[in-house]
Amino acid sequence: MGLLSDNGKPVMLAGEPGCGKTLIFQDRMKTVCSGEVAEVLALNVTSNRFTTSRVLWQRLEEKLEWKHGRTYVPKGNKKLMCLVDDLNLANVNSSGSQSACEMIRQHMDSGGVYEPDLQVLREVKNVTYLTTLNPNTPASMPPLSPRLLRHFGMFSMPYPR
């Protein structure tokens, strides 16, 4: 998991609630993002029924700065490690999709996202996504898109015994 995330590859941990998925990622982020000369910024986003693409973009934008044209990079010319906890619990819109999940997919597919308010393409560089997935979700939550899941190195976490 560390090798993948250190090389900018997205990683997903799937497991039951309370099995330690978030704690493992938070510990990893603390290790990589601490110190006087850390080259990585950390961003934690807890996904819930209020998390939309607009909310996710606002949180990302706090850690980004404009570089040139339509390109944005993490502040201080660093890398950004973004933990999206319980990604599959994001808000479901009227068409049955999860806009926050689709924004992450769009970013990984094309290297940029359309800003939700202005509908302007923003190229976002040097962002690595770490996500957790809770498979025990209500029936009202749609399953995550295979178009999104194909980007992730996925690991299953059993509940500790």
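Since we're looking at a predicted model, the values are computed, not measured.
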inquiry  = Suppose we screen for side chain to side chain contact (heavy atoms under 4.5 Å, CB included). Which residues come up paired with E61, at least two apart in sequence or across chains?
reply    =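 If we apply the side chain to side chain contact (heavy atoms under 4.5 Å, CB included) test to E61, skipping adjacent residues, the hits are W57, E115.
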key: Separation between CG of L83 and OG1 of T128, rounded to the nearest 0.5 Å   =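 The OG1 atom of T128 is 12.0 Å from CG of L83, to the nearest 0.5 Å.
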query = Going from OH on Y129 to CG on L87, what distance comes out if it is rounded to the nearest 0.5 angstrom?
reply =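 Those atoms lie 10.0 Å apart.
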query = Under a 4.0 Å N-O cut-off, is there an ion pair linking D109 with R150?
reply =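 R150 and D109: salt-bridged.
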message = Check this for me: does any side-chain nitrogen of one of K75 and E65 sit under 4.0 Å from a carboxylate oxygen of the other?
response =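 Salt bridge flag = no for E65 with K75.
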For [X] against [Y], the heavy-atom pair lying closest together:
X	Y	answer
N136	E16	ND2-CG, 3.9 Å
L41	P74	CD1-CB, 4.1 Å
Q98	N88	NE2-O, 2.9 Å
V127	C82	CG1-CB, 4.4 Å

task = Inspect the surroundings of CG in L118 and state if more than 12 heavy atoms from other residues, nucleotides or ligands are less than 6.0 Å away.
result =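 Correct, the count exceeds 12.
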query = Is it true that atom NZ of K63 has more than 12 heavy atoms of other residues, nucleotides or ligands lying nearer than 6.0 Å?
reply =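 Count over threshold, so yes.
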Identify each donor-acceptor pair in which a side-chain atom of residues 24-33 lies under 3.5 Å from a protein atom, sequence neighbours left out, and give them as a table.
from, atom 1, to, atom 2, distance (Å)
R28, NH2, D6, OD1, 2.6
R28, NH2, D6, OD2, 2.5
T31, OG1, D27, O, 2.9

message = Is any side-chain heavy atom of T51 closer than 4.5 Å to one of N91?
response =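 A side-chain contact is absent here, since even the closest heavy-atom pair is not under 4.5 Å.
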